[in-house]
2 protein chains.
Amino acid sequence: MQTSRDEAIRKLIKVFRTYGYEGTTLSLISKMTGLGKASLYHHFPKGKQEMAEAVLVHLYQMFGEIVLKPLQEDTLPRDRLRGMCEGLNQFYDRGQAACLIAVFSLGGEESMFREPVKRALQEWVECLEKILLEAGCDRAKQRAEEAVMQVQGGLIVTQVLGDTLPFEKMLAELPEKLLEGSQKDSIMVS
Amino acid sequence: MQTSRDEAIRKLIKVFRTYGYEGTTLSLISKMTGLGKASLYHHFPKGKQEMAEAVLVHLYQMFGEIVLKPLQEDTLPRDRLRGMCEGLNQFYDRGQAACLIAVFSLGGEESMFREPVKRALQEWVECLEKILLEAGCDRAKQRAEEAVMQVQGGLIVTQVLGDTLPFEKMLAELPEKLLEGSQKDSIMVS
DNA sequence: TTTAATTTACCGAACGTTCGGTACAATGTC
DNA sequence: GACATTGTACCGAACGTTCGGTAAATTAAA
């Protein structure tokens, strides 16, 4: 049955996000999913690595749906950015859920997730850059990168401090800040 | 004294920064330091945990010296912030070196480094906030938190993309951006 | 000042445990 | 009966840690 695997993946997401790849053990997975080793290896024959890959794919699709999709809508750039920020707040559970891009970036050169993680990050930056160019922003790529930095760092700060407020505040102001000084969407300070 | 404890710590820093706590094995440590396992236990009787703690303490002191100290100088707020950014660029090797605050934030509640890491982050935010208040900034705490987010996220982006440029650009603009709209240190846009 | 005693720094081998992974029989479901 | 799913027992490898012991430096006693 397909549900079982998808259901397992949904639970696996939390484990890998919380403990990282090396910190996630099979017994931990077994405990958190309620599945025995045999069941896990039935659904993921290649073992732990396949589980992590499945989680990565699942989150990648979710990210596209929840965060990137609002950027493709046919509305004002500012509204699209707001849509993305709402998506980010949901996707990262108000900053409480770690980003696998950050978590799986550990391990130096020999990490097996470097490339897909890098591509995902680049895609995000490019999507943002496109909107900012469209809105007439200068240094669009730099702005896009800095927005991604802000979000990634926001996740860390949130988790370390155990407070979701800074993350949500930051997200709320991100669209305005990104468009600051843009030509087609200028802000008049009262 | 052939290999001092401090010398070992200096080499341990890179290992823990690169591989995280769980990803750092004793054999890896042994290889990177050139010390046998028993020698490591001679310098750090409590083992891996003590090594990580020693690294944490060492980096904490270094951070205070290189990053926080410039904030206490007797100059203009903007110059102090510039000093901090120079310190950050050095401390994080242009964004190539991970921050243990982020790396050791993994592991959920049961992580043994949560508290010291949290305190270090709070101290950083408070130092920044003080400067921003002094400079007459509104929402000083929020600005301070967002600056820390920017730096933390910048490290992740740098390491994932393998490009130090975005991090250095971000640092270069951080002081101006932080003081934007402040009363005592306003910026005249030409 | 020689020498004996102690401490310091270091090592590889081995410990018990847990790791990720496998084999296979037993169960459930159609 | 066929096939997906699971529980149990088990594997070699790697984990963090401890062991017994060596070589050299330091200290103490003669």
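Predicted model, so just to flag it, every value in this text is computed and none were measured. Proteins get letters first, then strands, A, B, ... in listed order; numbering begins at 1 in each.
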* Atom pair distance, as rounded to whole Å: OH in B:Y41 and C1' in D:dT18 -> 9 Å

* **Distance, rounded to the nearest Å, where A:M112 contributes CE and C:dG20 contributes P** => 11 Å

* Scan A:S30 against the nucleic acid and name what it touches under 4.0 Å (heavy atoms): base, sugar-phosphate only, or nothing. => nothing

* To do: Starting from P on C:dC19, measure out to NZ on A:K48 and report it in whole angstrom.
  => 9 Å

* Mind checking side chain to side chain donor-acceptor pair (under 3.5 Å) for B:Q96 and listing every partner two or more places apart, or none if nothing turns up? => B:D93

* To do: Using atom CG of B:L28 as one end and atom P of C:dC19 as the other, report the distance to the nearest whole Å.
  => 19 Å

* To do: Tell me whether the OP1 or OP2 atom of C:dC10 has a side-chain N or O from B:H42 closer than 4.0 Å.
  => no

Mind listing the N/O atom pairs, protein and nucleotides 7-14 of chain D, below 3.5 Å?
none

* Are A:E180 and A:R143 ion-paired here, with the side-chain N under 4.0 Å from a carboxylate O? -> no

* Between C:dA9 atom P and B:E7 atom CD, what is the distance in whole Å? -> 12 Å

* Gap between atoms CZ and P, on A:F44 and C:dG20 respectively (whole Å) -> 15 Å

* Asked: Going by the ring-ring contact (aromatic ring centres under 6.0 Å, His included) test, which pairs reach into residues 136-165 of chain A, not counting sequence neighbours?
  -> none

* To do: Report the distance from atom CD of B:E22 to atom P of D:dC15, rounded to the nearest whole Å.
  => 13 Å

* For residues 117-154 of chain B, which residue pairs qualify under ring-ring contact (aromatic ring centres under 6.0 Å, His included), counting only residues two or more places apart or in two chains? -> B:F63-B:W124

* Hey, could you give me each pair passing side chain to side chain donor-acceptor pair (under 3.5 Å) that has a residue in residues 47-67 of chain A? Not counting sequence neighbours. => A:Q49-A:E53, A:Y60-A:E123, A:E65-A:K69

* Sequence neighbours excluded, which residues qualify as side chain to side chain donor-acceptor pair (under 3.5 Å) partners of A:R17? -> none

* To do: Mind telling me whether B:Y21 and B:F104 have parallel, tilted or perpendicular rings, with 30° and 60° as the class edges?
  => perpendicular

* Could you give the angle between the helix axes at the two ends of the helix from C:dT1-D:dA30 to C:dC30-D:dG1, with five pairs per end, rounded to 10 degrees? -> 20°

* Roughly how many Å is it from CD in B:Q49 to P in D:dT17, rounded to a whole number? -> 8 Å

* Structure fact -> Residues pairing under side chain to side chain donor-acceptor pair (under 3.5 Å) where one sits in residues 108-119 of chain B, two or more places apart or in two chains, turn out to be A:Y19-B:E110

* Structure fact -> Residues pairing under side chain to side chain donor-acceptor pair (under 3.5 Å) where one sits in residues 155-173 of chain B, two or more places apart or in two chains, turn out to be A:R139-B:E173, A:Q142-B:E173, B:N89-B:E168

* D:dT6 phosphate, OP1 or OP2: any side-chain N/O from A:H43 under 4.0 angstrom? -> yes

